[in-house]
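These numbers come from the heavy atoms of this one structure, side chains and all, not from hydrogens, waters or symmetry mates. If you read the sequence from its start, that first residue is 1, and numbering goes on from there.
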Amino acid sequence: MHIFDIFSIIGTIAFAMSGAFVAMEEEYDILGVMVLGLVTAFGGGIVRNVLIGIPVTTLWGQHDLILLAVLSVLVAFILPLPWIRHWKRAEVFFDAIGLSAFAIQGALYATEMKHPMSAVLVAAVLTGIGGGIIRDLLAGRKPLVLRDEIYAVWAMLAGLAVGFGFFKSTMELILLFAIVVFFRMLSVHYKWKLPRRSLKRPETPAELPKSEHVAASGSVHRN
């Protein structure tokens, strides 16, 4: 089996189950669970294909991966609650696996088509985080991958590593896969975040409700 196929299988299972659990958290029915699971597994790849010139219809040739995603969603749906809670504790780890696998897979796609580095980066990032963004939007959530955590950066670095040819052989790509997973988990553990700037003006005491103004002043005057 080609390393490309291995990464496709790993990413599909990890992201399909991730989407299914998000849908169940939002109390979607079985159809909603299936849609979010499939969108998470294939959404990023579809957008990538549009941008780097691969026919979108190639998705329908991936019968085995589609079946694998459907089975993964069904397994997620019928798992006993204690097992799901156990999965939720390890969700970040499996999400890191999906991110790493799909980012490398997307970069390999673009390099095999002889695209420039910019396209390799786009392919890596969209394949790695695109499905998760679509999943969060359908679930009515703000995409956390663009807001709270260093997430897309690891997909970009994986794309750069593949695009520059630093990792070529099967063993080297597996090593890159492990490195991305490791640093993703490290960033979660230490809560690494990118710099950000808010345009929201902090509320002044005059703008606070009266009760909050009293609390903010730290004292209450009594007669």
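Neither L67 nor W60 shares a network with the other; the hydrophobic side chains, linked directly or stepwise wherever heavy atoms of I, L, V, M, F, W or Y lie under 4.5 Å apart, form separate groups for each. Under a hydrophobic-cluster definition in which Ile, Leu, Val, Met, Phe, Trp and Tyr are linked whenever side-chain heavy atoms come within less than 4.5 Å, directly or via other members, I10 and L71 are assigned to different clusters.
Side-chain contact between E172 and F166: absent, with no pair of heavy atoms (C-beta onward) separated by less than 4.5 Å. Side-chain contact check for F42 versus I66: some heavy-atom pair is nearer than 4.5 Å. Inter-residue side-chain proximity for F177 and I97 is flagged as met; some heavy-atom pair is nearer than 4.5 Å. Here the side chains of T40 and V22 are not in contact, with every heavy-atom distance at 4.5 Å or above. Between L79 and M17, the closest side-chain pair of non-hydrogen atoms falls below 4.5 Å. Under the 4.5 Å side-chain criterion, counting only non-hydrogen atoms from C-beta, V180 is not in contact with L157.
Residues P55 and N49 come closest through the heavy atom pair O-ND2, 4.3 Å. The shortest non-hydrogen separation linking A110 to A119 is CB-O, 4.0 Å.
Between W192 and W154, the ring planes are tilted. Angles from 30° to 60° get that label.
Atom CD1 of residue I46 and atom CD1 of residue I54 lie 12.0 Å apart, to the nearest 0.5 angstrom. For the atom pair L175 CG and T170 OG1, the distance stands at 12.5 Å (nearest 0.5 Å).
Remark: the R135 side chain and the S18 side chain contain an N/O donor-acceptor pair separated by less than 3.5 Å. Remark: the Y151 side chain and the D95 side chain contain an N/O donor-acceptor pair separated by less than 3.5 Å.
The environment of M156 atom CE is sparse: at most 12 non-hydrogen atoms of other residues, nucleotides or ligands sit within 6.0 angstrom. Surrounding CD of E112 are more than 12 heavy atoms belonging to other residues, nucleotides or ligands, all under 6.0 Å away. Under a cut-off of 6.0 angstrom, the local environment of OH in Y28 is crowded, with over 12 non-hydrogen atoms contributed by other residues, nucleotides or ligands.
Of the possible donor and acceptor atoms, none in the side chain of Q105 sits under 3.5 Å from a partner among the backbone N and O of A101. No side-chain donor-acceptor contact under 3.5 Å links S100 to the backbone of A96.
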inquiry  = Could you go through L108 and L173, starting from their C-alpha distance and side-chain angles, then the distance that decides it, and tell me whether this counts as side chain to side chain contact (heavy atoms under 4.5 Å, CB included)?
reply    = CA-CA 10 Å; L108 289 173; L173 290 170; 4.1 Å; yes
